[in-house]
Participant: 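What follows is a single structure, and I will ask about it in a moment.
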Amino acid sequence: MSAVSIIVPILNEESVLTDVLTNLMDLTPQPDEILFIDGGSTDKSVEIVQKAGFKLIISEKKGRGTQINKGVLMAKHDIVCVLHADTKLPSDAVTIIKDTMADRAISLASFMPRIMGDNGTRWGTSFHNWIKTWYTPIVFRPHLFLRGVRLLFGDHAMFFRRDDFHHIGGLDERLTIMEEADLCIAMARLGKIKMVRRWVQTSDRRIVKWGALKANLIYFKVGIMWAFGARERLTKHYPDIR
């Protein structure tokens with residue numbers, strides 16, 4: 001039977017770690033393995049994870065691409081879910097992941113992100129987050145869209161088979177953001193890309209900091225830059241919010 005590893009790349013996430021730890025402990029059934037991959041935190045992130053008793057791996061350098069590659073390499077089980085530190089899974093996530101990946105025609109899948117905060121759900125941004133999984137390939141990779149490819153993103157809590165991830169060569173470690181878009185394109189060569197119709201809750205901390213309009217413009221700008229081949233310059237246009 002398939003087993004599930006959840007990997008959580010972190011960097012200075014002390015403000016949200018307590019919530020994600022509680023969420024992970026409440027999953028029923030529990031995942032077979034949970035790994036936190038730290039990229040050089042200077043706050044209390046490492047201390048919080050270790051005190052809670054979770055396994056922590058130190059990455060040689062920061063960057064989600066590098067940290068995810070490290071996590072998948074260290075994962076012991078055949079299905080891997082990549083969870084952002086500000087995202088909460090549904091309580092039955094492990095069952096959903098196993099049931100979805102039982103279909104060998106699917107190479108990559110995710111949940112649907114519901115962006116939330118103290119003032120409730122940000123429905124406008126949540127809708128934009130959903131619709132851009134379609135319009136991004138339509139506009140920038142139409143040949144892929146015609147093949148049924150959609151682009152998922154990191155706050156969707158993506159999951160896949162570890163062997164498939166190794167087969168495509170992992171993630172481009174130059175990328176600190178938009179690494180998941182490249183992953184979708186590579187995985188689409190191996191099978192279908194699917195978004196499961198179940199919510200994950202993602203923090204609205206960027207919208208709180210930037211405002212909804214600015215946040216969505218930044219998301220759009222970074223997507224365009226990625227589409228035209230910018231890789232190492234993306235981070236400059238996506239301010240770090242913790």
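Numbering starts at 1 and runs along the sequence shown.
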Participant: Rounded at 0.5 Å granularity, tell me how far CD1 in I37 sits from CG in L11.
Facilitator: 13.0 Å
Participant: Applying side-chain contact (heavy atoms from CB on, under 4.5 Å), can you list everything that pairs with R198, at least two apart in sequence or on another chain?
Facilitator: P90, D92, I96, F111, V196
Participant: Taking salt bridge (Lys or Arg N to Asp or Glu O under 4.0 Å) as the test, write out the residues that go with D38, two or more places apart.
Facilitator: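 D38 satisfies salt bridge (Lys or Arg N to Asp or Glu O under 4.0 Å) with no residue once adjacent residues are dropped.
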Participant: Below 4.5 Å, heavy atoms only, C-beta onward: do V94 and T28 meet side chain to side chain?
Facilitator: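 In short, these two side chains do not touch, never coming nearer than 4.5 Å.
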Participant: Suppose we screen for side chain to side chain donor-acceptor pair (under 3.5 Å). Which residues come up paired with E47, at least two apart in sequence or across chains?
Facilitator: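 E47 satisfies side chain to side chain donor-acceptor pair (under 3.5 Å) with no other residue.
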Participant: I'd like to know whether T87 forms a side-chain hydrogen bond (donor to acceptor under 3.5 Å, both in side chains) with T202, so could you lay out the CA-CA distance, the side-chain angles of the two residues, the decisive distance to 0.1 Å, and finally the verdict.
Facilitator: CA-CA 4 Å; T87 299; T202 295; 3.2 Å; yes
Participant: Under the side-chain contact (heavy atoms from CB on, under 4.5 Å) rule, collect the residues that match up with D99, sequence neighbours excluded.
Facilitator: T95
Participant: With clusters defined by side-chain heavy atoms of hydrophobic residues (ILVMFWY) lying less than 4.5 Å apart, directly or transitively, does M25 cluster with V20?
Facilitator: yes
Participant: Looking at H77, I want to see if its NE2 is surrounded by more than 12 non-hydrogen atoms of other residues, nucleotides or ligands under 6.0 Å.
Facilitator: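 Counting other residues, nucleotides and ligands, NE2 of H77 exceeds 12 neighbours.
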Participant: Mind listing the closest non-hydrogen atom pair of C184 and I193 along with its distance?
Facilitator: O-CD1, 3.8 Å
Participant: For D204, which residues count as a salt bridge (Lys or Arg N to Asp or Glu O under 4.0 Å) partner, sequence neighbours excluded?
Facilitator: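 Salt bridge (Lys or Arg N to Asp or Glu O under 4.0 Å) check on D204 returns R122.
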Participant: Honestly curious: do V16 and V82 fall in one hydrophobic cluster under the side-chain, below-4.5 Å linking rule?
Facilitator: no
Participant: To the nearest 0.5 Å, how far apart are CG in L108 and CE in M195?
Facilitator: 10.5 Å
Participant: Could I get the full list of side chain to side chain donor-acceptor pair (under 3.5 Å) partners for S107, not counting sequence neighbours?
Facilitator: none
